[in-house]
Every structure is written in structure tokens, then in C-alpha cells.
Amino acid sequence: MKKKLWLTIVLLLLFPLTITGCWDLNEPEQMVYANGLGVDFKDGVYTVYSQLFDLGTSGKSEQGRPTSPHGEIIWGEGRDVDEAVFNVYKSSDRKIFWGHLSFVIMTEAAIKNGGQQQILDMLDRFVEIRYHLWFYVSHAPLRDLLVASNYPSSLDNPKTIFEQGSFVKPVTMREVIIKLDEPGHEAVIPTVSITPNRIEEKEEVTSGIRLHGVTIITNHAYKGFLTESEGVGLRWLTDKTKRGQISIHKDGKPAASIIVQKLNTDIVPSVQGNKVQFDIKIKGSAVVSALYQKIDLAFLNKEISKKIEEEVMLTYNESIKQDTDIYRLSEKLYRSDVKSWKRIARNGKVPLNKDSIHSMRADVDLRYTNQLHLVPSIE
């Protein structure tokens, strides 16, 4: 009996030695973490920039304030995007972990050479990459842009900025793939630039990142670019808009600043023969953010609706100049009447002109509450 007991004890002690250990474990301090990726194209060569952070350097300062991790920008060149990424590895001192990649920025030159197809295919196949990383386009030098976007920045988490002041809805890699694959076959990508409008400690002016328009792309081509003023109507045709600001004027002077929220949009196609037109309805509510003149409720409601309608049509007219379907009207017809879509569509898209929008109506309800006095606080 004692012999069996000792044999059992010996076997239990030897058993852990047969278990495979974590010999291939990567310690966090032995890796750097990719936060952003930039893709450029020039003279037949792709350049891929990688924004890397060493999370081991983050912590708190002597004053108790959290400090940002140490970052660096490294890059590689290649005849295609994947070759350029592999050349990035040669410039890194440690293993690069891609699981925390937050955003990708492409230049106009890279898109015109079909770089979007290469970068999307590569990221889609790489197991460490997540589908909810953000996509951008920029006309600025990518190295300068990545240097300006210290961690954390608006490029890492654009949703908070969009919720405060909605212009164009941020798009993820998943959404780009879906939009390029579905009828219309175009994706609207936020376009960012560098602006020296941030002031930090010791009155030092540093560069920041801001949205300044949208770029429309297809699977293999660059379609066009709309400035912020040209693309202003985009915010009114997405239910995701949280807060859209409108300035109202009266007698040539500022009268009020309005915040529009809780949008509900409806686009209905109507087909007659080989001609299709669309009726657009927008509903929402609004509050007064600031009041500069004494005005009545009826005037404000009328001007708010008029302003929204004008902005929607402005963006539409600018987009058709570049042969783009900015509001994805082709998809609306595809979802509601696929037979008509197959008959009318050309190359996966319904031909659009200035008369394709049959009617445009915006009804915004500015509710009067104790907080919405329609008289300036100081006259």
C-alpha cells in the first residue's frame, strides 16, 4: 500500500515536467504597439509609415498627471503595400504587435494607384487586425501627420468628436469593405489635415489634426474630394448625427445658433420607365444654443428647415459634378426595387443628374421650453 502511495506521489511530481511551457510568450516590454498606419505612393513605390508606441514608457509624472507613451515613426518602401510593410519590420528594434492598430491613413496618390485594394486585402487577411479600425484620407505629408497625432488623438477615437459636433460620420474598415462591395460601390472617407491650432503648456503652439472634407473612392479608383463647406449636407442624411450646428441670420446679421439632433431620414425612390427620382424627407428636433436677436418660433423653424434643405442640395450638386453618388441613392433603389435597379444601373450605379432628387423636405421641430427663451439674455 505504501509502495503505491509513493509511486503516485512521484508520478504527480513528475507530471508537471511533461506540460508544455509558455516558451514562446512575448513579454509586453519586448514589443512595440502599432497605433496608426499611413500609405503613400510616389515614383512607382509605396511607402508605408507605422506609428509605434512603447506602452512600457507610459505612467504618471511627478505632478501625478498621466504621461503619453513614447512614440516613434518608422517606414518602409516596396513595389506593393505588403512588401513595404515587411520592410517596416527591418527598421524596428523590437517585435511589432498589430492587434491595437487604431487607424489607417491613405494619400490621394496611393488611392489613384489602387492602394486601397491592396491595403484592405492585406489587413483583411492578417489575423491580428480588428475590423473596427478607422479609415482616413489625407493630402498632408503622412510623416508630419502621424507626428502630430500623439496618443491619444481624434484619429484613435473619432466618435467622441462626431458626437459633440457632427460633420461626417467616421468609417471603419468593415464599413469601407461593405460600401465598396454593395451597389453604388463607393465609400465616403473622412479627410484630415494638419492645423496649428493647439496650445499646450508654456504657450507653445503645436500642430493638431482636423477634418477638412471627404474623399470618395471605389475599389480601384479615386473619384473626387469635397471640402468641408461642399460636403456639409452629409451630416443631415445620417441617423447617426448627434449634434449638428446651424447659424441663422436675419436682416444680414447673426440671429441664432441652433443645435439639430435626433434625426430621422427617409429616401424613397420612384421609377417611371428607365427614369428614377428620389424623394427625401428629414425630421429632427432642435434647441437654441445662442440667441443674438429677438425672433419668433415660426421664423426659426422655417429658417432651420430651409438651411438644411439648401445644404443637402449643395452637397448633392457638388458630388454629381464628380460623378459620385454621395448619398448612396443607388443602394436605396437596389433595396426597394432590385428589378428596376438591374434595368437602370450602369456599372453597379444608377445614373444621377440634377433632377434625380424630385423633392427635398426637412421638418425640424424647435421646441419651446424654459431653457429656450426666444429673447437674448442681454439686449
Side-chain angles (χ1 to χ4, degrees), residues 162 166-169 171 175 178-179 182-190 213-214 216 223-224 226-248 258-286 300-341 343-346 348-366:
F162 181 73
S166 303
F167 166 46
V168 56
K169 178 181 173 296
V171 293
E175 291 170 321
I178 290 173
K179 289 178 179 179
E182 292 185 343
H185 304 291
E186 294 175 352
V188 178
I189 312 293
V214 293
I216 303 96
K223 292 288 290 185
L226 298 181
T227 64
E228 185 174 359
S229 60
E230 293 170 339
V232 69
L234 273 168
R235 55 184 175 164
W236 307 126
L237 282 179
T238 172
D239 295 340
K240 301 296 183 181
T241 291
K242 301 293 184 181
R243 303 175 80 243
Q245 187 273 340
I246 290 179
S247 296
I248 302 298
I258 306 297
I259 302 299
V260 180
Q261 52 197 6
K262 297 180 181 178
L263 287 176
N264 183 16
T265 63
D266 188 27
I267 302 177
V268 179
S270 58
V271 179
Q272 292 182 346
N274 288 327
K275 182 180 180 181
V276 58
Q277 290 184 305
F278 300 87
D279 297 302
I280 300 177
K281 296 179 181 179
I282 300 173
K283 291 185 178 181
S285 61
L300 273 180
N301 278 325
K302 179 181 177 181
E303 290 300 308
I304 294 169
S305 298
K306 178 183 175 183
K307 185 80 170 180
I308 291 175
E309 292 169 3
E310 289 175 348
E311 290 185 354
V312 169
M313 293 307 300
L314 169 67
T315 298
Y316 175 75
N317 288 326
E318 290 296 329
S319 70
I320 61 175
K321 292 178 184 178
Q322 304 184 36
D323 189 30
T324 61
D325 184 3
I326 194 76
Y327 297 136
R328 297 187 67 80
L329 301 178
S330 298
E331 184 181 359
K332 296 295 182 181
L333 178 61
Y334 176 82
R335 300 295 180 193
S336 64
D337 188 353
V338 68
K339 290 184 178 179
S340 295
W341 177 86
R343 187 178 70 254
I344 298 172
R346 299 292 180 269
K349 188 174 73 170
V350 172
L352 300 174
N353 56 53
K354 64 178 182 178
D355 298 320
S356 294
I357 294 182
H358 177 256
S359 65
M360 166 69 242
R361 181 176 177 179
D363 293 318
V364 177
D365 184 19
L366 179 65

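- Nearest heavy atom pair, residue Val171 against residue Pro190, reads CG2-CD, 3.6 Å.
- Every salt bridge (charged side-chain N to carboxylate O under 4.0 Å, His left out) that Arg335 has, sequence neighbours left out, goes to Glu182, Glu331.
- Qualifying ring pair (Phe, Tyr, Trp, His ring centres under 6.0 Å) partners for Tyr334, counting only residues two or more places apart in sequence or in other chains: Trp341.
- Lys339 meets the side chain to side chain contact (heavy atoms under 4.5 Å, CB included) test with Asp337; sequence neighbours excluded.
- In this view, Lys306 and Glu303, Glu310 satisfy the side chain to side chain contact (heavy atoms under 4.5 Å, CB included) rule, not counting sequence neighbours.
- Shortest non-hydrogen contact noted between Gly273 and Val271 is O-CG1, 3.5 Å.
- Atom CD1 of residue Ile344 and atom CG of residue Leu333 lie 5.5 Å apart, to the nearest 0.5 angstrom.
- Looking at residues two or more places apart in sequence or on another chain, you find a side chain to side chain contact (heavy atoms under 4.5 Å, CB included) between Asp323 and Lys223, Lys349.
- When the salt bridge (charged side-chain N to carboxylate O under 4.0 Å, His left out) test is applied to Glu309, no partner is found at least two apart in sequence or on another chain.
- Heavy-atom minimum distance, Ser319 versus Ile326: OG-CG2, 3.3 Å.
- Residues passing the side chain to side chain donor-acceptor pair (under 3.5 Å) test with Ser359 are Asp279, sequence neighbours excluded.
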For Thr315 and Trp236, run side chain to side chain contact (heavy atoms under 4.5 Å, CB included): C-alpha distance rounded to whole Å, both residues' side-chain angles, the deciding distance at 0.1 Å, then the answer. CA-CA 11 Å; Thr315 298; Trp236 307 126; over 6 Å; no

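- Not a single salt bridge (charged side-chain N to carboxylate O under 4.0 Å, His left out) links Lys179 to another residue, sequence neighbours left out.
- Counting heavy atoms from C-beta outward, Ile246 and Ile248 have side chains that approach closer than 4.5 Å.
- No side-chain heavy atom of Lys332 sits less than 4.5 Å from a side-chain heavy atom of Val350.
- A salt bridge (Lys or Arg N to Asp or Glu O under 4.0 Å) check over residues 258-274, counting only residues at least two apart or in different chains, returns nothing.
- Here the side chain of Asn264 pairs no donor or acceptor atom with the backbone of Lys283 at under 3.5 angstrom.
- In terms of the side chain to side chain contact (heavy atoms under 4.5 Å, CB included) criterion, residue partners of Thr241 (sequence neighbours excluded) are, by chain and number, Phe162, Ser166, Arg235, Thr238, Leu263.
- Considering only heavy atoms from C-beta on, Leu234 stays 4.5 Å or farther from Leu226 through its side chain.
- Using a distance-only test at 3.5 Å, with no hydrogens or angles considered, no donor-acceptor pair links the side chain of Ser330 to the main chain of Pro183.
- Under a 3.5 Å cut-off, the side chain of Gln277 and the backbone N or O of Asp355 do form a donor-acceptor pair.
- Asn274 is linked by a side chain to side chain donor-acceptor pair (under 3.5 Å) to Arg343, counting only residues two or more places apart in sequence or in another chain.
- Taking the side chain as every heavy atom from C-beta outward, Ile280 and Thr265 never approach each other to under 4.5 Å.
- Residues forming a side chain to side chain donor-acceptor pair (under 3.5 Å) with Lys321 (at least two apart in sequence, or on another chain): Glu318.
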